[in-house]
Amino acid sequence: MTLDRNHVYNLNCLDGIRQMIAQDMRVDCVITDPPYLINYKTNNRADKSHKFCKPIQNDDNPQLIIDVIPLLYDVLKDNSPLYMFCGSDKVDFFKAEIEKYFTVKNIIVWDKGAPTMGDLGAQYGKNYEFIIYANKGRAPFMDGMPRYGDIWKFNRLSEKERIHQNQKPTDLLSRIIRQHTREGDLILDAFAGSCSTPVAAYRLQRDYIAFEISPTEYADGTQWLDSVRSQVSIFDLLQQN
């Protein structure tokens with residue numbers, strides 16, 4: 001199978017990235033949100049049949065992270081960035097694996113604006129997650145872009161806004177995309193989930209390629225992406241007329 005730009009594939013990311021490498025497709029930026037390796041599922045919904053109550057696929061599989069990081073290095077162009085989300089529970093593991101190949105430049109703290117639920121009787125709520133920012137070589141910021149601090153405040157999406165239980169806000173992803181890429185550059189998301197990265201890339205006129213192994217998440221995410229593409233296309237048409 002030949003892979004194309006501006007497409008999300010219902011495919012194991014390891015197989016997908018190997019195919020990209022085989023066909024000499026390289027990317028300008030990696031932004032990805034892998035399983036946090038905590039076997040997470042919410043227990044705070046009345047409807048236990050809801051998909052958010054089910055464990056995330058591969059959330060108990062550290063070998064997946066060990067296997068994917070060298071592939072991300074190989075598929076990324078020289079002097080380009082990797083951004084990988086992770087939680088506080090396993091940040092040491094993620095950082096150690098990334099440092100085998102990349103230079104870690106920052107561990108960005110994403111202040112989500114509100115705490116997660118967690119163990120209500122014996123744990124403080126977590127207001128933040130981490131984003132490991134690493135370079136293959138040295139990835140300078142785009143000319144004219146500000147130099148932000150390493151604490152980023154973006155409110156997490158409400159439950160009604162989310163189609164994936166760990167969906168990231170597109171305004172946060174857009175900051176990363178603007179910081180490192182130009183129009184037409186190619187962005188890879190190995191764990192597409194809700195397709196937030198492809199949506200943010202499309203809105204900013206960047207190309208994207210992404211993989212999502214779950215058929216349910218793939219269907220929901222690509223439906224949202226298709227609706228965004230249709231809205232933008234109609235708007236562009238109206239502007240031309």
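How far CG of Asp89 is from OH of Tyr36: 10.5 Å, rounded to the nearest 0.5 Å. Atoms OG1 and CD1, on Thr197 and Ile177 in that order, are 6.5 Å from each other to the nearest 0.5 Å. How far CD1 of Ile213 is from CG of Asn10: 8.5 Å, rounded to the nearest 0.5 Å. Atoms CG and CG, from Asp171 and Asn155 in turn, are 8.5 Å apart once rounded to the nearest 0.5 Å. Note that the CD1 atom of Ile132 and the CG atom of Leu82 stand 8.5 Å from one another [nearest 0.5 Å]. Atom NE2 of His180 sits about 11.5 Å away from atom CZ of Arg175, to the nearest 0.5 Å.
Between the side chain of Gln23 and the main chain of Met25, no donor-acceptor pair closer than 3.5 Å is present. No side-chain donor-acceptor contact under 3.5 Å links Ser80 to the backbone of Leu76. A donor-acceptor pair is defined here as one N or O able to donate and one able to accept, closer than 3.5 Å; such a pair exists between the side chain of Lys136 and the backbone of Tyr73. A distance-only check finds a donor-acceptor pair linking the side chain of Gln19 to the backbone of Met1 [under 3.5 Å]. Proximity of a side-chain donor or acceptor of Glu212 to a complementary backbone N or O of Gly193 within less than 3.5 Å is detected.
In this structure, Lys168 forms a cation-pi arrangement with Phe85, its terminal cationic atom sitting closer than 6.0 Å to the ring centre and no more than 45° off the ring axis. Judged by the 6.0 Å and 45° rule, Arg147 forms no cation-pi pair with Phe141.
In this structure the side chain of Tyr83 reaches within 4.5 angstrom of the side chain of Tyr133, judged on heavy atoms. Residues Tyr148 and Ile108 have side chains not in contact (no heavy-atom distance under 4.5 Å, counting atoms from C-beta outward). At least one side-chain heavy atom of Cys195 sits under 4.5 Å from a side-chain heavy atom of Thr222. At least one side-chain heavy atom of Lys112 sits less than 4.5 Å from a side-chain heavy atom of Glu129. Side chains of Phe94 and Ile107 form no contact here, defined as non-hydrogen atoms less than 4.5 Å apart. Between Ile21 and Leu71 there is a side-chain heavy-atom pair separated by less than 4.5 Å. Pro115 has its side chain out of reach of Tyr124: every pair of non-hydrogen atoms, C-beta onward, lies at least 4.5 Å apart. Side-chain contact between Tyr208 and Asn6: present, with at least one pair of heavy atoms (C-beta onward) separated by less than 4.5 Å.
The 12-atom threshold is exceeded at CD of Glu99, counting heavy atoms of other residues, nucleotides or ligands nearer than 6.0 Å. In the displayed structure, Arg26 atom CZ is contacted under 6.0 Å by more than 12 heavy atoms of other residues, nucleotides or ligands. Environment of CZ in Phe154: crowded, with over 12 heavy atoms of neighbouring residues, nucleotides or ligands closer than 6.0 Å.
In this model, a donor atom of one side chain and an acceptor atom of the other lie less than 3.5 Å apart for Ser196 and Ser194. A donor-acceptor contact under 3.5 angstrom links the side chains of Gln63 and Asp67, judged on distance only.
Closest of all the heavy-atom pairs between Leu11 and Gly16 is CD2-CA, 3.7 Å. For Asn79 against Pro140, the heavy-atom pair with the smallest separation is O-CD, 4.5 Å. Nearest approach of Ile98 to Ala134, heavy atoms of both residues: CG2-CB, 3.8 Å. Between Asp4 and Tyr9, the shortest heavy-atom distance links the atoms N-OH, 2.7 Å. Smallest separation of non-hydrogen atoms from Thr170 and Trp224: CG2-CH2, 3.9 Å. What you find for Phe211 and Leu188 is that their closest heavy atoms are CE1-CD1, 3.8 Å.
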Could you walk me through whether Asp92 and Lys95 pass the salt bridge (Lys or Arg N to Asp or Glu O under 4.0 Å) test, one step at a time? CA-CA 5 Å; Asp92 291 342; Lys95 181 173 181 286; over 6 Å; no

Would Leu3 and Ile209 count as a side chain to side chain contact (heavy atoms under 4.5 Å, CB included) here? Give the steps. CA-CA 9 Å; Leu3 303 179; Ile209 185 167; 4.1 Å; yes

Between Leu186 and Arg5, is the side chain to side chain contact (heavy atoms under 4.5 Å, CB included) condition met? List the steps. CA-CA 8 Å; Leu186 180 60; Arg5 298 165 79 105; 3.6 Å; yes

Could you walk me through whether Arg182 and Met142 satisfy the side chain to side chain contact (heavy atoms under 4.5 Å, CB included) test, starting with their C-alpha distance in whole Å, then the side-chain angles of each, then the deciding distance to 0.1 Å, before giving a yes or no? CA-CA 8 Å; Arg182 301 178 176 86; Met142 290 289 105; 3.7 Å; yes

Please report the C-alpha distance between Met84 and Asp33 in whole Å, then the side-chain angles of each, then the deciding distance to 0.1 Å, and finally whether the side chain to side chain contact (heavy atoms under 4.5 Å, CB included) criterion is met. CA-CA 6 Å; Met84 183 174 287; Asp33 185 17; over 6 Å; no

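The existence of a salt bridge linking Arg206 and Asp185 is excluded, since no basic side-chain nitrogen approaches an acidic carboxylate oxygen closer than 4.0 Å.
Checked options Val27, Leu173, Ile31, Thr32; the residue passing with Asp189 is Thr32 (criterion: side-chain contact (heavy atoms from CB on, under 4.5 Å)).
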